[in-house]
2 protein chains.
Amino acid sequence: MDNIGKILVVDDEADILEFISYNLKKEGYEVYTALNGKEALPIAKKTKPDLILLDVMMPVMDGIETCKRIKADSDFDQTYVVFLTARSEDYSEIEGLDAGADDYIAKPIKPKVLITRLNAILRRKIKEMAAPSIKVKDLFIDRESFLIYRGEQKIALARKEFELLFLLASKPGKVFTRENILEKVWGDEVLVVDRTIDVHIRKIREKLGDEYIGTVKGVGYKFEV
Amino acid sequence: MDNIGKILVVDDEADILEFISYNLKKEGYEVYTALNGKEALPIAKKTKPDLILLDVMMPVMDGIETCKRIKADSDFDQTYVVFLTARSEDYSEIEGLDAGADDYIAKPIKPKVLITRLNAILRRKIKEMAAPSIKVKDLFIDRESFLIYRGEQKIALARKEFELLFLLASKPGKVFTRENILEKVWGDEVLVVDRTIDVHIRKIREKLGDEYIGTVKGVGYKFEV
DNA sequence: ATTAATGTTATCTAATTGTTAAGCGGGCTG
DNA sequence: CAGCCCGCTTAACAATTAGATAACATTAAT
């Protein structure tokens with residue numbers, strides 16, 4: 001299991017803390033914990049987590065206050081904050097998002113849901129931080145503009161087409177299985193038939209030519225080198 | 001039949017334990033047993049099994065708790081956990097998978113089903129852990145790209161051909177019987193005549209030359225060293 | 001020399017992928 | 001708000017190719 005990121009979990013109930021911590025570790029995350037906001041800040045400073053999971057209702061320093069302080073600190077520009085809120089207190093949802101939280105998850109927590117959401121959030125983050133452009137063969141694949149440059153020629157791809165090409169081009173020569181592609185381009189909550197990929201491949205080939213994407217029958221697709 | 005792996009079986013009913021144990025040993029597995037979770041942990045620590053077969057309902061320490069402890073221990077990152085669950089208690093199926101189990105098998109246990117499932121699981125494991133590429137003689141056999149490199153030359157094999165060559169090359173000099181090959185390349189649900197292998201061998205030789213794969217008449221094939 | 005095992009070729013089928021077209025829904029513009 | 005455009009998905013059909021088998025040829029062992 002690959003190490004995808006660091007997460008700081010903050011909750012005043014020790015058993016919930018352990019429960020979440022256990023599930024995240026299982027998933028391959030590096031997990032830190034704190035029992036309240038006051039405790040959390042210095043830990044966050046030191047460990048620079050990718051994401052902070054923050055209970056709203058806490059003694060000493062509640063989640064909203066903590067979130068505001070975190071968001072005010074430029075050290076944490078790259079840090080996502082996700083609130084844990086009891087289902088009833090939906091008001092805090094709004095207030096929380098006002099405080100700068102990037103998302104929220106309702107208690108009671110189901111491991112599958114938790115993992116799925118966090119994976120999605122962090123995948124988004126990783127994507128944002130990923131190299132903004134790739135140069136392969138005669139192509140310049142540019143995230144900034146979502147355009148493919150071939151010499152002077154500019155070629156526009158639709159978002160999914162772009163993401164798919166970007167993925168393949170990120171490791172030229174490597175074969176990506178359909179499973180692989182669905183997971184990385186579509187995400188966990190995949191609700192598409194894998195044949196959809198074929199159609200996107202077709203459109204990319206139509207726009208760029210057949211020489212870039214190769215088929216490995218029974219396995220998947222790859223960027224030809 | 002070659003020794004494919006170590007399995008720890010945990011169940012509180014001695015006769016079930018013996019029944020499973022007997023069937024697994026017959027299949028060539030190295031089998032350890034324990035009567036409950038508490039007993040199982042130290043044994044697991046010592047023997048480092050490839051797979052743990054865990055009854056859910058047990059006194060002293062039940063399967064779910066045991067599973068959680070196992071999964072929390074980084075010593076067992078490479079260990080699969082499979083639950084044994086009574087058919088009625090399907091709820092535990094979900095809970096069990098939440099606890100980190102990799103699969104589950106419903107009681108009552110049929111030996112054939114058990115063996116088939118475990119073989120499948122362990123084969124998957126072995127494949128995942130397998131080196132992604134092999135260098136032998138003047139060949140570089142690369143799973144990433146599904147290509148064979150000979151110097152600058154790239155040679156493409158069909159999937160089955162590739163898998164077959166990969167298998168032989170994974171242990172140069174070792175003779176693989178047809179049985180062996182069918183099991184590893186085709187899987188358990190083999191519904192092919194073993195002469196099919198000959199044809200694939202032929203195609204590989206055609207593409208790479210005759211010097212790589214040797215025939216041991218009456219036994220099988222091997223990668224020549 | 002006889003026989004069993006393997007090599008080789010050709011053919012068929014089933015699985016996989018390519019391709020086209022149609023439907024749906026969101027967002028934008030007038 | 002209506003109407004249109006566009007991106008995404010799926011379904012349906014076509015094309016392709018990997019894979020399986022049978023049939024016949026050849027080889028090696030006793």
Side-chain angles (χ1 to χ4, degrees), chain A residues 120 143 145-148 154-168 175-224, chain B residues 143 145-148 155-168 175-224:
Chain A
R143 256 230 139 62
S145 60
F146 265 63
L147 285 174
I148 315 293
K154 284 189 210 172
I155 303 161
L157 297 187
R159 182 150 49 258
K160 282 264 145 66
E161 291 160 29
F162 186 91
E163 296 289 359
L164 176 47
L165 179 67
F166 198 87
L167 174 66
L168 297 182
V175 179
F176 291 80
T177 64
R178 285 191 166 65
E179 248 187 4
N180 254 333
I181 293 172
L182 280 182
E183 189 187 321
K184 301 242 166 146
V185 176
W186 272 262
D188 284 326
E189 339 71 40
V190 190
L191 28 78
V192 288
V193 168
D194 68 350
R195 290 302 313 277
T196 303
I197 295 170
D198 301 35
V199 179
H200 285 282
I201 292 282
R202 163 93 214 322
K203 288 191 176 162
I204 296 171
R205 284 176 175 158
E206 202 169 60
K207 289 174 183 170
L208 292 181
D210 291 345
E211 65 267 39
Y212 299 103
I213 298 179
T215 303
V216 180
K217 223 177 159 166
V219 188
Y221 295 99
K222 68 178 172 182
F223 194 98
E224 296 285 2
Chain B
R143 256 225 142 61
S145 59
F146 268 85
L147 287 174
I148 316 293
I155 304 161
L157 298 187
R159 193 176 56 170
K160 282 263 146 65
E161 291 159 29
F162 186 92
E163 298 287 2
L164 176 46
L165 179 67
F166 197 88
L167 174 66
L168 297 182
V175 180
F176 291 81
T177 65
R178 285 191 167 65
E179 243 188 11
N180 254 330
I181 293 171
L182 280 182
E183 191 187 320
K184 302 238 165 147
V185 177
W186 271 261
D188 283 325
E189 340 72 44
V190 191
L191 28 78
V192 288
V193 168
D194 69 348
R195 290 301 313 277
T196 302
I197 295 170
D198 302 23
V199 179
H200 284 282
I201 292 282
R202 163 92 214 326
K203 287 189 177 163
I204 296 171
R205 285 175 174 159
E206 201 169 60
K207 288 174 182 170
L208 292 180
D210 291 345
E211 66 266 39
Y212 299 103
I213 297 179
T215 303
V216 181
K217 208 167 168 165
V219 188
Y221 296 98
K222 67 176 175 181
F223 194 97
E224 296 284 3

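Proteins get letters first, then strands, A, B, ... in listed order; numbering begins at 1 in each.
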Quickly work out the B:Asp198 CG to C:dA10 P distance and round it to whole Å.
17 Å
State which of C:dT8, D:dG19, C:dT17 makes the closest approach to the side chain of A:Arg178.
C:dT17
In whole angstrom, what separates A:Ile197's CD1 from D:dC8's P?
14 Å
Residue A:Arg195, side-chain atoms from C-beta onward, closest of C:dA5, D:dT21, C:dG18:
C:dG18
Gap between atoms CH2 and P, on B:Trp186 and D:dT21 respectively (whole Å)
10 Å
With sugar-phosphate meaning primed atoms plus P, OP1 and OP2, does A:Phe162 contact a base, only sugar-phosphate, or nothing at under 4.0 Å between heavy atoms?
nothing
Side-chain contact test, heavy atoms from C-beta onward, threshold under 4.5 Å: evaluate it for B:Leu157 versus B:Glu163 and give yes or no.
no
What is the nucleic acid contact for B:Lys160, judged by heavy atoms within less than 4.0 Å: base, sugar-phosphate only, or nothing?
sugar-phosphate
Looking for any heavy atom pair under 4.0 Å, which part of the strands does B:Arg205 touch: base, sugar-phosphate only, or nothing?
sugar-phosphate
Which part of the nucleic acid does B:Leu191 contact within heavy-atom distance under 4.0 Å: base, sugar-phosphate only, or nothing?
sugar-phosphate
Which nucleotide, D:dG19, D:dT10, C:dT19, lies nearest any side-chain atom of A:Val193?
D:dT10
Just how far, in rounded Å, is P of C:dT16 from CZ of B:Arg159?
7 Å
Nearest-angstrom distance from the residue atom CD of A:Glu206 to C1' of C:dG18
12 Å
When you compare the side chains of A:Arg178 and A:Tyr221, does any donor N or O come within less than 3.5 Å of an acceptor on the partner?
yes
Taking D:dT9, C:dT19, D:dA18 as options, the one with an atom nearest any side-chain atom of A:Thr196 is D:dT9
Per atom distances to the B:Val199 side chain, the nearest of C:dA15, D:dT21, D:dT9 is D:dT21
Testing B:His200, B:Lys207, B:Lys203 for side-chain hydrogen bond (donor to acceptor under 3.5 Å, both in side chains) with B:Glu161, which one passes?
B:Lys207
Of all the choices, C:dT20, C:dT6, D:dT10, which nucleotide is nearest to the side chain of A:Arg202 once you look at every atom?
C:dT20
Please give me the minimum heavy-atom distance between A:Asn180 and A:Phe176, naming the atom from each residue.
ND2-CA, 4.0 Å
Side-chain donor/acceptor of A:Arg205 to backbone N/O of A:Ile213, under 3.5 Å
yes
OP1 or OP2 of C:dA5 sitting under 4.0 Å from any side-chain N/O of B:Thr215?
no
Value in whole Å for how far the P atom of D:dG19 lies from CG of B:Asp194
18 Å
Candidates D:dC8, C:dT8, C:dA15 - which lies nearest the side chain of A:Lys203
D:dC8
For B:Lys217 and D:dT30, give me the distance from atom NZ to atom C1', rounded to whole Å.
11 Å
Rounded to the nearest 0.5 Å, what's the gap from CD1 on A:Ile197 to OG1 on A:Thr177? Could you check?
8.0 Å
Establish, with yes or no, whether the OP1 or OP2 oxygen of C:dT16 is under 4.0 angstrom from a side-chain nitrogen or oxygen of A:Tyr221.
no
A:Ile204 has an atom CD1; how far is it from atom P of D:dC8, in whole Å?
10 Å
Given D:dA20, C:dT6, C:dT16, which nucleotide is nearest the side-chain atoms of B:His200?
D:dA20
